[in-house]
Amino acid sequence: MHLSEQEIIRRKSLEEFAKLGINPYPADLFEVNASAREILENYERQKSDYRQISIAGRIMSRRIMGNASFAELQDETGRIQIYIKRDDLCPGDDKTLYNTVFKKLIDIGDIVGVKGYGFTTQTGEISIHVTSLTVLSKSLRPLPVVKETVDDKGNVTRHDAFTDPEQRYRMRYVDLVVNPHVRETFVKRTQLVNSMRQYLNAKGYLEVETPILQPLYGGAAARPFKTHHNTLDMTLYLRIANELYLKRLIVGGFNGVYEFSKDFRNEGMSRFHNPEFTQIELYVAYKDYHWMMELVEEMIERAALELHGKTQVKVGDKIIDFKRPWKRYTMFEAIQHFTGIDISEMDEEALKKTCNELQVPMDNTMGKGKLIDQIFGEKCEPHLIQPTFITDYPVEMSPLAKKHRSKPGLVERFEAICNSKEIANAFSELNDPIDQRQRFEEQLELGKRGDEEAMTLDEDFLRALEFGMPPTAGLGIGIDRLSMIMTNSPSIQDVLFFPQMKPENPVAHMTENDFESLGVRSDLVPILQKLGITSKAQLKEMKASKLFNDVCGLRKKMKLDNVKNPTMEEVEGWLK
RNA sequence: GACUCCGUAGCUCAGCUGGUAGAGCAAUUGACUCUUAAUCAAUGGGUCGAGAGUUCGAAUCUCUCCGGGGUCACCA
């Protein structure tokens, strides 16, 4: 294993700890009675409460001045400065704990527990005067060191911030330690989910769990991930939606069911797409899509209030206001509003002509519904920044939605669009089993023509509908997309702890064992590693005389005085 | 999948009309008892993402590959 200089130094500290009889990974619990934020908030008012503070966290910076030092301790709630004075930490003659343990063996990133009392420094910072220090976990890798300066106006400048997206996503644990706003984002995401859950629970709806491994995937148009069950010897799919299972539960007599579900779609990745993502789906019996719009407005307005204390949310350079009521357009109205063209009576030919006039890209495989959607996507969606309901979609694109009660060719469906992206999708659910079977069959036709995302026919779902499903309103909300808006995050990767990434390329390295199997003495291994030898094949191609020279030369350069040079015979032996 | 930009020390970055790798922070050693991007002095640290090519000579030019970002396409 290749270690950097700093890693080697930290590992050597472990040996020093052992010599001092200190376990840098103690098993004992460490009693904590305060948090950084709590102390900073309450100390001025309640000084007497902070005479015996016990707190634990990570050392984030150190300022050592001889026999006294300041350091910053970071716990879950934030950072607090600690003050360590040699003679207060070590009242007796033995100053090892200060001189050796704190000053030499503890590094930035180490996790320690301290006990002490609160005080205010001469420059006015609330701090902890440390009387006892315990190492709780030694950190063997150097943490990125991020420093901050605050100017007169209170603007914070971060120096050397840990910003490389690849590193941040691959090592989210490091990201969370050094980038406080990242923690905030994820806390907000959880608050969002909690807010919605509480809202739905208060209405008496039941949170349920349905299968992730499904023999047939359905409920959406997407390509699935495929897997195999050995015992049953059958193909299973990771769900792309849970719609059809939740509807079965409505058939079974529940009035309201919802599920926060991880869904999986085997498609392209982008700033708005991760192969696994979270949706909430909700189904309520005896309701329709008008009713559902009210619920969505109320639920999301409430979430915004709970997260931000107001209905306005800053997203990029825009302010998005979730205050009810949201604007509503039918799809035709929206298109008329943004293009001035009324397409409501147009047939396929007229729509194609309109696409050409508007310079909306299209091709001849597109049917009426797809053309309408295309115009909407090009000409309307980019302008819909404030939350807006778009209603009444073409039937061709919505095989699970009920036909519109009065407008032929349309379904009772709405999407909520916000910041030009769909955040919610809902229908009056199709509960007519005969109609549903026809729609599935149309999908099968599309599938035969090569549409990889066409829905499959789920015979058991149809059987359930044939037993009778009450009129039902159904809803799906993309939690990741909504989280992006609520946390002002430009990429979906910023609201997923561990976004999908390609695996890291393991750098080929020969281990000590690999070298020793060739007869290389262990004390010579670092020299060969330093030479950049990463494979046996590479080594075997080298000339013995050159290798001998290189090794002896490097031994001198690396100042490995107590390592004996190999003999020429030895080197020849490695290459056999 | 297409286009485009990026990959140099633990972190943030400079070096790129080819000539043996630099800075700040971090680290090491020393000084310093209220500092806060602490300060001062000294020191060490790099397969310049990987491979191949051009060349006397490549971090730098060319090609291929790997990883990442962005835009587009796909994706209700």
Side-chain angles (χ1 to χ4, degrees), chain A residues 2-10 12 61-72 79 81-88 98 104 107-109 119-125 127 129 139-150 156-170 174 178 219-223 240-241 265-273 275 277 361 369-370 373 376-377 381 390 393-394 396-401 413 415 417 421-422 424-425 427 452-453 476 478 490-491 493 501-509 529-534 538 559:
Chain A
H2 179 261
L3 295 176
S4 71
E5 182 194 29
Q6 295 194 42
E7 288 173 299
I8 292 164
I9 289 166
R10 287 179 181 229
K12 281 193 179 140
S61 73
R62 298 192 304 159
R63 293 181 284 278
I64 295 173
M65 307 160 301
N67 294 332
S69 302
F70 289 93
E72 279 176 298
R79 289 188 189 186
Q81 178 170 263
I82 60 175
Y83 176 63
I84 304 182
K85 199 166 160 181
R86 184 191 66 191
D87 297 337
D88 292 343
Y98 183 79
K104 305 275 187 204
D107 294 295
I108 289 173
F119 78 110
T120 306
T121 64
Q122 283 172 13
T123 49
E125 180 162 348
S127 307
H129 193 124
S139 164
L140 295 182
R141 287 177 185 256
L143 205 60
V145 177
V146 182
K147 297 191 176 184
E148 292 182 351
T149 41
V150 184
V156 177
T157 310
R158 308 185 82 227
H159 304 271
D160 304 335
F162 181 61
T163 50
D164 178 1
E166 179 172 4
Q167 301 270 70
R168 288 184 46 223
Y169 301 146
R170 287 198 195 280
V174 175
V178 303
R223 278 179 286 162
I240 59 172
R265 295 186 185 177
N266 206 341
E267 291 171 343
M269 290 165 66
S270 79
R271 198 152 76 80
F272 295 100
H273 300 85
F277 65 103
K370 184 74 194 165
D373 189 61
F376 177 78
E381 221 168 38
I390 302 297
Y393 283 65
E396 295 89 334
M397 316 199 55
S398 315
L400 299 165
R413 170 179 176 182
E415 286 190 2
I417 314 263
K421 284 279 162 193
E422 172 205 337
N425 179 22
F427 333 129
E452 286 186 86
E453 289 168 350
S491 166
Q493 296 173 112
M501 304 279 273
K502 283 201 187 180
E504 287 176 86
N505 221 6
V507 181
H509 269 301
Q529 285 172 336
K530 185 88 180 172
L531 274 173
I533 294 168
T534 55
Q538 183 191 352
K559 295 178 188 148

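Just so it is clear, the model here is predicted, and its values are computed rather than measured. Quick note on labels: first sequence line is chain A, next is B, and so on, each numbered from 1.
- Atom pair His159(A):NE2 and C25(B):P shows a separation of 12 Å (rounding to whole Å applied).
- Rounded to an integer number of Å, the gap from CD of Glu5(A) to C1' of A27(B) is 6 Å.
- For the pair Arg168(A) CZ and G68(B) C1', the interatomic distance rounds to 13 Å; values are reported in whole Å.
- Among the protein residues, Lys85(A) comes within range of the nucleic acid bases, having at least one heavy atom under 4.0 Å from a base atom.
- Base contact: Tyr83(A) has a heavy atom under 4.0 Å from a base atom.
- Of all nucleotides present, only G51(B) satisfies the Watson-Crick or G-U wobble test against C63(B), with each distance under 3.5 Å.
- Note on Asp164(A): only backbone sugar-phosphate atoms sit closer than 4.0 angstrom, heavy atoms only; bases stay farther off.
- When both pairing distances are held under 3.5 Å, U35(B) makes no Watson-Crick or G-U pair with any nucleotide shown.
- Remark: P of C72(B) and CZ of Arg271(A) are 8 Å apart, rounded to the nearest angstrom.
- In the interface, the side chain of Asp160(A) is paired with the base of G24(B) through a donor and an acceptor atom under 3.5 Å apart.
- Residue contacts for Glu125(A): at a heavy-atom cut-off of 4.0 Å it reaches a base atom on one of the strands shown.
- G24(B) and C11(B) make up a base pair, with Watson-Crick or G-U wobble contacts both under 3.5 Å.
- Glu148(A) contributes no side-chain N or O that forms a donor-acceptor pair with the base of A37(B) under 3.5 Å.
- Neither OP1 nor OP2 of G7(B) sits under 4.0 Å from any side-chain N or O of Gln167(A).
- When Watson-Crick and G-U wobble pairs are counted only if both distances are under 3.5 Å, G46(B) pairs with no nucleotide at all.
- Counting any heavy atom pair closer than 4.0 Å across all strands shown, Gln6(A) reaches a base atom.
- Among the nucleotides G67(B), G69(B), U12(B), the one closest to any side-chain atom of Glu166(A) is G67(B).
- Remark: side-chain polar atoms of Arg265(A) are paired, donor with acceptor, to backbone N or O of Ile240(A) under 3.5 angstrom.
- Of the candidate nucleotides U28(B), U33(B), C25(B), C25(B) has the atom lying nearest to any side-chain atom of Val145(A).
- Using a 3.5 Å distance cut-off with no hydrogens or angles, the side chains of Ser69(A) and Tyr98(A) do pair a donor with an acceptor.
- Counting atom types as modelled, Thr121(A) pairs a side-chain N or O with a base atom of U35(B) as donor and acceptor under 3.5 Å.
- Nucleic acid contact class of Phe119(A) (heavy atoms, under 4.0 Å, all strands): base.
- Within 4.0 Å of Thr157(A), counting heavy atoms only, lies no atom of the nucleic acid at all.
- Side-chain polar atoms of Arg413(A) and Ser398(A) form a donor-acceptor pair below 3.5 angstrom.
- As judged by a 4.0 angstrom heavy-atom cut-off over every strand, Gln81(A) is placed among the base-contacting residues.
- Counting only heavy atoms from C-beta on, Ala221(A) has its side chain closest to A76(B) among G10(B), A76(B), A27(B).
- Using a 4.0 Å cut-off between a side-chain N of Lys or Arg and a carboxylate O of Asp or Glu, Arg158(A) and Glu148(A) qualify as a salt bridge.
- Atom C1' of nucleotide C11(B) and atom NZ of Lys147(A) are separated by 12 Å, given to the nearest angstrom.
- Within 4.0 Å of Ile64(A), counting heavy atoms only, lies at least one base atom of the nucleic acid.
- Summary of the strand contacts: Val146(A) and Arg86(A) both lie near RNA chain B, and taking for each the nucleotide with the nearest heavy atom, the more 5' one is attributed to Val146(A).
- Straight-line distance from the CG atom of Asn67(A) to the P atom of U35(B): 15 Å, rounded to whole Å.
- Nucleic acid contact for Lys104(A): sugar-phosphate only, since backbone atoms but no base atoms lie under 4.0 Å from a heavy atom of the residue.
- We find that CZ of Arg63(A) is positioned 15 Å from C1' of A26(B), with the value rounded to whole Å.
- Atom CE in Met65(A) sits about 5 Å away from atom P in C34(B), given to the nearest Å.
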